[in-house]
There are 2 protein chains.
Amino acid sequence: MRMRSTSKPPELTRAEWKIIKAVWDNEPCTAPAIQEALFKQTAWTYSTVRTLMDRMVAKGLMTSEKTGKMTLYRSRVTRQQAQRGELLSTLKNAFNGALTPMVQCLIDARRLSETELAEIEALIESKKRNLKK
Amino acid sequence: MRMRSTSKPPELTRAEWKIIKAVWDNEPCTAPAIQEALFKQTAWTYSTVRTLMDRMVAKGLMTSEKTGKMTLYRSRVTRQQAQRGELLSTLKNAFNGALTPMVQCLIDARRLSETELAEIEALIESKKRNLKK
DNA sequence: GGAATATCTCTACAAATGTAAATTATTTTG
DNA sequence: CAAAATAATTTACATTTGTAGAGATATTCC
């Protein structure tokens with residue numbers, strides 16, 4: 001039976017976001033690979049990256065599997081799950097769960113191009129049709 | 001000269017969100033008032049609330065003014081600013097700044113009612129008109 | 001004035017987060 | 001094989017966050 005995700009979605013710290021995004025783009029992957037991938041952006045040393053990754057394994061955000069010399073990491077949360085967790089927590093903390101104000105804020109926060117507005121509108125339209133059905 | 005907010009918007013922790021929301025609803029206000037207002041929800045003691053509030057003053061999120069016996073607190077960030085900061089940081093961390101996927105995720109994350117969809121659509125419409133002008 | 005009440009101040013402490021050096025083991029390569 | 005390069009392990013440490021107790025002060029009420 002397919003069941004509606006029961007465990008609340010994860011929340012990641014800023015550092016963890018950087019890591020997991022790199023992992024999603026490279027998995028399965030090693031810690032050295034990730035530190036290399038992030039070095040330009042973060043200048044983190046191998047130690048730092050490794051520590052973060054192991055903590056994330058401990059938290060259930062990734063898995064690690066030791067194959068001989070190297071340790072391979074894989075994400076245990078999908079991008080979707082993580083994004084959703086983040087968004088829902090913002091919705092809850094900052095907007096008391098009220099969706100419309102959140103969207104309003106989003107619209108105001110950035111000067112949106114007409115293209116973006118059109119895209120968003122299309123999403124809504126599609127969802128509406130989807131609901132009707 | 002009116003200048004475009006240069007300092008990046010604040011980021012608040014979960015505890016800080018609880019506090020500031022209570023402050024917005026009561027300011028200017030005292031620490032005891034806030035702890036009372038939050039007690040049902042958080043069960044925090046006076047010490048806890050007070051510590052949090054003073055830290056927030058140190059961070060520039062609020063001001064405090066000692067009038068005789070009591071200390072009065074006032075927010076230094078508006079709800080708008082704080083919400084915006086939260087949203088933008090989520091946008092950046094979790095969505096690499098891409099707006100449309102974020103909205104998509106939002107739409108998927110909750111089963112939206114037709115009413116909500118309509119509301120959001122109205123927001124978009126309004127913004128579009130606004131852009132044109 | 002003393003007891004009760006309300007506040008404040010100071011100090012504390014554990015957990016989480018960000019960051020990394022030092023040491024050890026392993027592998028590659030001249 | 002010895003030297004060089006890689007990767008892993010262990011340990012550390014400062015800062016931030018969550019949470020609060022204890023003691024000092026001022027205020028009010030009997």
Side-chain angles (χ1 to χ4, degrees), chain A residues 8 10-23 26 28-74 82 85-86 89 92-94, chain B residues 8 10-23 26 28-74 82 85-86 89 92-94:
Chain A
K8 51 200 148 348
E11 288 185 38
L12 311 204
T13 68
R14 237 172 345 306
E16 288 170 345
W17 268 107
K18 296 219 174 95
I19 298 278
I20 203 145
K21 286 195 280 189
V23 170
N26 295 277
C29 56
T30 65
I34 295 303
Q35 100 88 197
E36 162 125 32
L38 289 178
F39 187 78
K40 204 146 195 194
Q41 185 192 146
T42 64
W44 285 338
T45 65
Y46 167 78
S47 283
T48 297
V49 170
R50 181 70 198 239
T51 303
L52 287 170
M53 291 178 79
D54 287 338
R55 283 182 189 164
M56 290 171 78
V57 169
K59 288 188 191 180
L61 296 171
M62 311 206 289
T63 56
S64 68
E65 180 198 356
K66 173 169 324 189
T67 351
K69 47 206 153 199
M70 281 165 187
T71 307
L72 274 190
Y73 293 83
R74 290 183 175 76
E86 189 78 22
S89 101
K92 193 171 116 198
N93 290 319
Chain B
K8 51 197 150 348
E11 287 185 40
L12 310 204
T13 68
R14 241 181 330 314
E16 287 170 346
W17 268 107
K18 298 221 173 94
I19 297 278
I20 202 144
K21 285 194 279 189
V23 170
N26 294 278
C29 55
T30 66
I34 296 303
Q35 99 90 196
E36 163 124 31
L38 289 179
F39 187 79
K40 204 145 195 196
Q41 184 191 147
T42 64
W44 286 338
T45 65
Y46 167 79
S47 283
T48 297
V49 170
R50 181 70 198 237
T51 303
L52 286 170
M53 291 178 78
D54 287 337
R55 284 182 188 164
M56 289 170 78
V57 169
K59 288 188 191 180
L61 296 170
M62 312 207 289
T63 55
S64 69
E65 181 198 355
K66 173 169 324 188
T67 352
K69 48 205 155 201
M70 282 165 186
T71 307
L72 274 189
Y73 293 83
R74 290 182 175 77
E86 190 77 23
S89 100
K92 193 172 116 196
N93 289 318

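Every chain is numbered from 1 and lettered A, B, ... according to where its sequence line falls, protein lines coming before strand lines.
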Tell me: [atom1] of [X] to [atom2] of [N], nearest whole Å?
| X | N | atom1 | atom2 | value |
| --- | --- | --- | --- | --- |
| A/D54 | C/dA20 | CG | C1' | 14 Å |
| A/Y46 | C/dT19 | OH | C1' | 15 Å |
| B/M53 | C/dC8 | CE | C1' | 13 Å |
| B/L52 | C/dC10 | CG | P | 18 Å |
| B/M56 | D/dT16 | CE | P | 16 Å |
| B/M70 | D/dT27 | CE | P | 9 Å |
| B/L61 | D/dT16 | CG | C1' | 14 Å |
| B/L12 | D/dT16 | CG | C1' | 14 Å |

Quick one: does A/T30 reach the base of D/dA7 with a side-chain donor-acceptor pair under 3.5 Å?
no
Please determine whether any donor N or O and acceptor N or O are separated by less than 3.5 Å between the side chain of B/T51 and the base of D/dA20.
yes
Examine the side chains of A/Y73 and A/N26 and answer whether a donor and an acceptor come within less than 3.5 Å of each other.
no
Report yes or no: do A/T48 and A/T51 form a side-chain donor-acceptor pair below 3.5 Å?
no
Could you check A/S47 against A/R14 and say which one's nearest nucleotide on DNA chain C is further toward the 5' end?
A/R14
Out of D/dA20, C/dG18, D/dA8, whichever nucleotide has its closest atom nearest the side chain of A/A15
C/dG18
From the set C/dT19, C/dT7, D/dA8, return the single nucleotide nearest to any side-chain atom of A/W44.
C/dT19
Distance (rounded to the nearest 0.5 Å) between A/M53 CE and A/Y46 OH
9.0 Å
Between [X] and [N], does any side-chain N or O lie under 4.0 Å from OP1 or OP2?
| X | N | answer |
| --- | --- | --- |
| B/T71 | C/dT7 | no |
| B/K59 | D/dT17 | yes |
| A/R50 | D/dT9 | yes |
| A/T13 | C/dA16 | no |
| A/K66 | D/dT9 | yes |

Considering every strand and a 4.0 Å limit on heavy-atom distances, what is the contact class for A/T48: base, sugar-phosphate, or nothing?
base
Less than 4.0 Å between a side-chain N and a carboxylate O, is that true for A/R55 and A/E16?
no
Taking the side chain from B/Q35 and the backbone from B/W44, do they hold a donor-acceptor pair closer than 3.5 Å?
yes
Taking for each residue the nucleotide of DNA chain D with the nearest heavy atom, is it A/L72 or B/E16 whose nucleotide lies nearer the 5' end?
A/L72
